[in-house]
Amino acid sequence: SSFNFLQKYGYNDASSNTQIIPLQSPLTGIRQGMRKGHRSDIAAGQKVMSSMIFDHNNTAGIIQTVFDKYHKLHTKDAGHETRSQTTWDLQLQWIKDGKAFLVVAHVNDKTVGFSYINHYKNYAYYSSACSEPGNGLPIGHVMIWKAIEYLKSINIEYFEIGWQEY
């Protein structure tokens, strides 16, 4: 009685869950729909961190500089280079083309995290993130909230934040 009908034809069930946030409600409604712990992490993080958006509206030189910092921190956070230069070049081009953006988190003047979000038509996808290792701050929560604010401002209706492991 599995929900995956392909199993009766010999396929293995390799289903996964993903979280999609509908963005049609006002920001207050979206925030109220979050678990209390997430709301608390956002509020606490915003007291010590600032966040900003880098997109196609920034000058090319600024985008390149910020993107290089993202790549460097991503490599540091992962402990090694995770993919080919071609994929990094594509990500940068998508920002310049208005198909993606970066959220950058700072504590004072120090960059502590990046989130890379792609978008197309009415849909956005949380593609990649990195943060300064070992800081203990709710960086991801603050950056996702900033992304939600921005996505609403450009009329995106759905934000997929990725696989959920239960």
Side-chain angles (χ1 to χ4, degrees), residues 15-58 62-63 65-83 87-88 91-92 94-95 98-166:
S15 300
S16 61
N17 292 315
T18 187
Q19 178 74 37
I20 299 173
I21 302 170
L23 301 176
Q24 296 90 347
S25 299
L27 285 170
T28 53
I30 294 170
R31 194 162 182 155
Q32 201 56 37
M34 293 178 181
R35 290 192 340 223
K36 182 179 177 184
H38 292 319
R39 291 193 309 266
S40 176
D41 284 343
I42 292 166
Q46 288 175 326
K47 288 179 182 176
V48 295
M49 275 181 276
S50 62
S51 56
M52 56 195 318
I53 300 292
F54 285 88
D55 65 5
H56 67 284
N57 293 311
N58 297 101
I62 291 174
I63 293 171
T65 300
V66 172
F67 192 84
D68 289 346
K69 289 179 181 179
Y70 157 60
H71 184 176
K72 183 177 180 181
L73 183 57
H74 192 282
T75 303
K76 177 182 178 182
D77 191 14
H80 63 282
E81 187 65 62
T82 58
R83 47 198 160 87
T87 64
W88 294 103
Q91 282 189 307
L92 176 58
W94 293 332
I95 293 172
K99 297 175 183 174
F101 62 93
L102 277 172
V103 181
V104 184
H106 295 94
V107 172
N108 300 319
D109 291 330
K110 181 178 169 76
T111 302
V112 294
F114 292 93
S115 288
Y116 183 92
I117 289 91
N118 296 84
H119 57 90
Y120 180 71
K121 294 187 179 180
N122 294 328
Y123 200 80
Y125 185 77
Y126 183 68
S127 299
S128 175
C130 59
S131 60
E132 195 61 51
N135 60 50
L137 296 170
I139 296 168
H141 291 81
V142 170
M143 291 190 299
I144 287 175
W145 183 249
K146 185 68 167 185
I148 289 170
E149 292 174 334
Y150 177 75
L151 290 167
K152 282 195 60 68
S153 78
I154 61 170
N155 300 313
I156 300 293
E157 295 182 14
Y158 300 97
F159 182 27
E160 185 168 354
I161 59 172
W163 292 344
Q164 304 298 304
E165 308 263 337
Y166 298 104

Is a donor on one side and an acceptor on the other found under 3.5 Å between the side chain of [X] and the backbone of [Y]?
| X | Y | result |
| --- | --- | --- |
| Tyr116 | Gln91 | yes |
| Asp55 | Asn57 | yes |
| Asp77 | Ser131 | yes |
| Thr18 | Gly162 | yes |

Q: If the plane angle is over 60° it's perpendicular, under 30° parallel, otherwise tilted; pick one for His71 and Trp88.
A: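 Aromatic pair His71/Trp88 classed parallel.
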Q: Could you tell me how the ring of Tyr158 sits relative to the ring of Tyr123: parallel (under 30°), tilted (30 to 60°) or perpendicular (over 60°)?
A: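 Tyr158 vs Tyr123 ring planes: tilted.
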Close side-chain approach of [X] and [Y], heavy atoms under 4.5 Å:
| X | Y | answer |
| --- | --- | --- |
| Trp145 | Met34 | yes |
| Phe54 | Tyr70 | no |
| Glu149 | Ser51 | no |

Q) Can you tell me if NZ on Lys152 sees more than 12 non-hydrogen neighbours from other groups inside 6.0 Å? A)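 Counting other residues, nucleotides and ligands, NZ of Lys152 exceeds 12 neighbours.
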Q. What are the two closest heavy atoms between Val142 and Ile42, and how far apart are they?
A.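 Scanning both residues completely, I find the closest heavy atoms to be CG2-O, 4.0 Å.
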**Q.** Approximate separation, where rounding is to 0.5 Å, of Thr82 OG1 and His74 NE2
**A.**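 So the gap between those two atoms works out to 4.5 Å.
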Q) Does the pair Glu132 and Lys76 meet the rule for a salt bridge (Lys or Arg N to Asp or Glu O under 4.0 Å), with working shown? A) CA-CA 8 Å; Glu132 195 61 51; Lys76 177 182 178 182; 2.3 Å; yes
**Q.** Sole candidate of Gln46, His38, Lys146 that passes side-chain hydrogen bond (donor to acceptor under 3.5 Å, both in side chains) when paired with His141
**A.**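 Output: one option passes, namely His38.
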